[in-house]
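Inspection log for the structure reproduced underneath, given as structure tokens.
All values below come from the heavy atoms of this structure, side chains included, with hydrogens, waters and symmetry mates left out. Everything numeric in this text was worked out from a predicted model, so none of it was measured.
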Amino acid sequence: MTSSEARVRDVLTAQPVIDGHNDLPIAFHELCDYDLDAHDLSGSVPQLHTDLPRLREGQVGAQFWSLWVPQDEHSVRRTFEQLDFVLRLVERFPDALQLASTAADVDAAIKAGRVASLMGMEGGHSIGESLGVLRVMRELGVRYMTLTHNNNVSWADSATDEPVLGGLNDFGEEVVREMNRIGMLVDLSHVSADTMRHALRVTSAPVIFSHSSSRAVCDVPRNAPDDVLETLARNDGVCMVTFVPYFVSQAYVDWVASAREAAEKQGLDPNEPDTRKRLAEIYGKPKPLATLADVVEHVEHVREVAGVDHIGVGGDYDGCPEFPVELPDVSSYPALFTALADRGWSDDELAKLAGGNILRVLRAADDAAA
């Protein structure tokens, strides 16, 4: 063990990782329809990026489990089913997991040696245009809501859909204010840059990006522009840097664009699943690998623009099929922190990134709601 690795082990023992986004609920649904008897998460489950042994190895102290469902007429029901899965997951492993809804809950779970299990809805479609559903979700423990997913909702524009509103409409502003009032964090991952700016003007509490990186480093609309990161610092919020290759590696993004163009020239639909699997063969060039260095560049850029008090981590494990080669699953967080330690980060700065910053935001939201 190197001196940096030993330092990181000690830092993460004192302040374990609090990760902003993990898609285990939908991944487990797709694997076995939420059947906790089918795959024992207390042992190795290689089909997934997440199981309890790897969470321990990764020194994870708290995890926001993502409640993501397709955007259709069944979204609200399916979100409740995801919530039910998280509750049953925690009940199944009481020695390893502990339900958390507040900063105090997170502290208590970590002190007890368990992974604090928080929940975040990934997309405003999960409330079905109802503030009543929003309030019930908060009462049941949901701690944040991402205002959109990949498509617009009637009251907010998504980063990956055609803009309609130029941000939020009146009801969207009402949603943000109600989230502030009830202590639900406003999550700006997935929303358009104009929605980011609009929500930051409306909110009275710190906001988060649960799993986004820097647009200046990797130019995709899912990432946060520098002016938004500067505003986020004034808001006292947190950008939780994600590890998704398409959001961290410009070479990867450029390869995907060229490969899709090559497929279209051959009369193929690049959105068709079989075509997507064959893009490297169709394009004739191997896909570049995203790396730990790519993620480090994003973390350091967000730190430079927003400040060390406004960064966190949101890996998005089990939310996409592949990750940077040195960060394959939830056991990998120490590798990122060791790389940053090698680049001169202090123990205090590493602790802020690991979880200190998001705990501050949770406490601020708790105080505002109280």
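- With Asp51 contributing its side chain and Arg54 its backbone, the two residues share a donor-acceptor pair below 3.5 Å.
- Of the possible donor and acceptor atoms, none in the side chain of Asp157 sits under 3.5 Å from a partner among the backbone N and O of Pro163.
- When side chains are defined from C-beta on, Arg78 counts as touching Pro70, because their heavy atoms get closer than 4.5 Å.
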Where do Thr50 and Asn22 land on the side chain to side chain donor-acceptor pair (under 3.5 Å) test, with the steps shown first? CA-CA 8 Å; Thr50 308; Asn22 183 300; 2.9 Å; yes
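- Taking the six-membered ring for Trp and thresholds of 30 and 60 degrees, Trp155 and Phe171 have ring planes more than 60 degrees apart, a perpendicular arrangement.
- Between Glu230 and Arg234 there is no salt bridge, since none of the side-chain N atoms of the basic residue sits less than 4.0 Å from a carboxylate O of the acidic one.
- Side-chain atoms of Ser249 and Cys218, non-hydrogen and from C-beta on, never get closer than 4.5 Å to each other.
- No donor-acceptor distance shorter than 3.5 angstrom exists from the side chain of Glu322 to the backbone of Leu289, with no hydrogens or angles considered.
- Remark: the Ser204 side chain and the Arg181 side chain contain no N/O donor-acceptor pair separated by less than 3.5 Å.
- Summarising the geometry, atom OG1 belonging to Thr102 is positioned 9.5 Å from atom CZ belonging to Arg363; distances are rounded to the nearest 0.5 Å.
- Listed by first and then second residue, the side-chain hydrogen bond (donor to acceptor under 3.5 Å, both in side chains) pairs involving residues 296-308 are Asp226-His301, Glu300-Arg343, Glu300-Trp345, Arg303-Glu349 (not counting sequence neighbours).
- When all heavy atoms of Ala259 and Leu279 are compared, the pair lying nearest together is O-CD2, 3.7 Å.
- Cluster partners of Val217 are absent, since no Ile, Leu, Val, Met, Phe, Trp or Tyr has side-chain heavy atoms less than 4.5 Å from it.
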Dump the intermediate steps for side chain to side chain donor-acceptor pair (under 3.5 Å) on Asp40 and Ser42, then the final yes or no. CA-CA 5 Å; Asp40 182 7; Ser42 67; 2.6 Å; yes
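- In terms of modelled atom types and a separation under 3.5 Å, the side chain of Glu264 and the main chain of Pro270 share no donor-acceptor contact.
- At a cut-off of 3.5 Å, with distance as the only test, a side-chain donor of Ser4 or Asp342 sits close to an acceptor on the other residue.
- Using a distance-only test at 3.5 Å, with no hydrogens or angles considered, no donor-acceptor pair links the side chain of Arg222 to the main chain of Tyr246.
- Closest approach of Leu327 to Ala335, counting heavy atoms only: CD2-CB, 4.3 Å.
- Between the side chain of Trp255 and the main chain of Pro286, a donor-acceptor pair closer than 3.5 Å is present.
- Asp19 and Gly315 get closest at one heavy-atom pair: OD1-N, 2.7 Å.
- From Met240, atom CE reaches atom CD1 of Ile358 across 4.5 Å, with rounding to the nearest 0.5 Å.
- A donor-acceptor pair under 3.5 Å is absent between the side-chain atoms of Asn152 and the main chain of Asp161, judged by distance alone.
- How far CZ of Phe209 is from CG of Asn223: 9.5 Å, rounded to the nearest 0.5 Å.
- The pair Asp10-Arg7 does not meet the salt-bridge criterion, since no charged nitrogen lies less than 4.0 angstrom from a carboxylate oxygen.
- There is no side-chain donor-acceptor pair under 3.5 Å between Thr275 and Asp269.
- A heavy-atom distance below 4.5 Å is found between the side chains of Ser332 and Tyr317.
- Taking the side chain as every heavy atom from C-beta outward, Leu168 and Thr195 approach each other to under 4.5 Å.
- A salt bridge links Arg88 with Asp84: at least one charged nitrogen is closer than 4.0 Å to a carboxylate oxygen.
- How far CG of Leu147 is from CD1 of Ile127: 9.0 Å, rounded to the nearest 0.5 Å.
- Checking side-chain atoms of Arg360 against main-chain N and O of Val238 turns up no donor-acceptor pair under 3.5 Å.
- For His29 and Phe85, the ring centers are positioned 6.0 Å apart or more.
- Judged by distance alone, the side chain of Ser189 and the main-chain N or O of His211 form a donor-acceptor pair under 3.5 Å.
- Side-chain contact check for Met179 versus Leu134: some heavy-atom pair is nearer than 4.5 Å.
- Across all their heavy atoms, Leu24 and Asp318 have their closest contact at N-CB, 3.9 Å.
- Linking ILVMFWY residues whenever their side-chain heavy atoms come closer than 4.5 Å, directly or via other members, leaves Val142 and Leu359 in distinct clusters.
- Contact of the Leu89 side chain with the Ser117 side chain is not registered, since no non-hydrogen atoms from C-beta on lie closer than 4.5 Å.
- Looking at Leu12 and Pro334, their side chains come closer than 4.5 Å, going by heavy atoms from C-beta outward.
- A side-chain N or O of His190 and one of Asn150 form a donor-acceptor pair less than 3.5 Å apart.
- No more than 12 heavy atoms of other residues, nucleotides or ligands lie within 6.0 Å of CD in Glu91, so this atom counts as exposed by the packing criterion.
- In this structure, a donor-acceptor pair under 3.5 Å is absent between the side chains of Asp294 and Tyr252.
- The local environment of CD in Glu139 is sparse, with at most 12 non-hydrogen atoms from other residues, nucleotides or ligands closer than 6.0 Å.
- Residue-environment remark: CG (Asp170) stays at or below the threshold of 12 foreign heavy atoms within 6.0 Å.
- For the residue pair Asp316/Thr242, the side-chain donor-acceptor check at 3.5 Å is not satisfied.
- Ionic pairing of Glu173 and Arg177 is present here: one or more N-O contacts between side-chain nitrogen and carboxylate oxygen are shorter than 4.0 angstrom.
- Not a single donor-acceptor pair under 3.5 Å links the side chain of Glu122 to the backbone N or O of His149.
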Before you tell me yes or no, could you show the steps for Ser346 and Asp348 under side chain to side chain donor-acceptor pair (under 3.5 Å), namely the whole-Å CA-CA distance, both residues' side-chain angles and the distance that decides it to 0.1 Å? CA-CA 5 Å; Ser346 71; Asp348 182 58; 5.1 Å; no
Criterion side chain to side chain contact (heavy atoms under 4.5 Å, CB included) on Phe247 and Val220, from CA distance to verdict: CA-CA 7 Å; Phe247 304 153; Val220 292; 4.0 Å; yes
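- Taking CG of Leu362 as the start and CG of Asp367 as the end, the distance is 11.0 Å to the nearest 0.5 Å.
- Under 3.5 Å, the side chains of Asn151 and Ser158 contain no donor-acceptor pair of N or O atoms.
- Classification of Arg92 and Asp37 as a salt-bridged pair holds, one side-chain N sitting under 4.0 Å from a carboxylate O.
- Contact annotation: the side chain of Arg260 never approaches that of Tyr283 to less than 4.5 Å [non-hydrogen atoms, C-beta and beyond].
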Test Thr79 against Met137 for side chain to side chain contact (heavy atoms under 4.5 Å, CB included), laying out the working first. CA-CA 9 Å; Thr79 303; Met137 291 294 189; 3.6 Å; yes
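- Cluster annotation: Met121 is connected to Val176 through the hydrophobic network of ILVMFWY side chains, with a link wherever side-chain heavy atoms come within less than 4.5 Å.
- A salt bridge does not link Arg9 with Glu5: every distance from a Lys NZ or Arg NE/NH1/NH2 to an Asp or Glu carboxylate oxygen is 4.0 Å or more.
- Rounded to the nearest 0.5 Å, atoms CG (Leu31) and CD1 (Ile26) are 11.5 Å apart.
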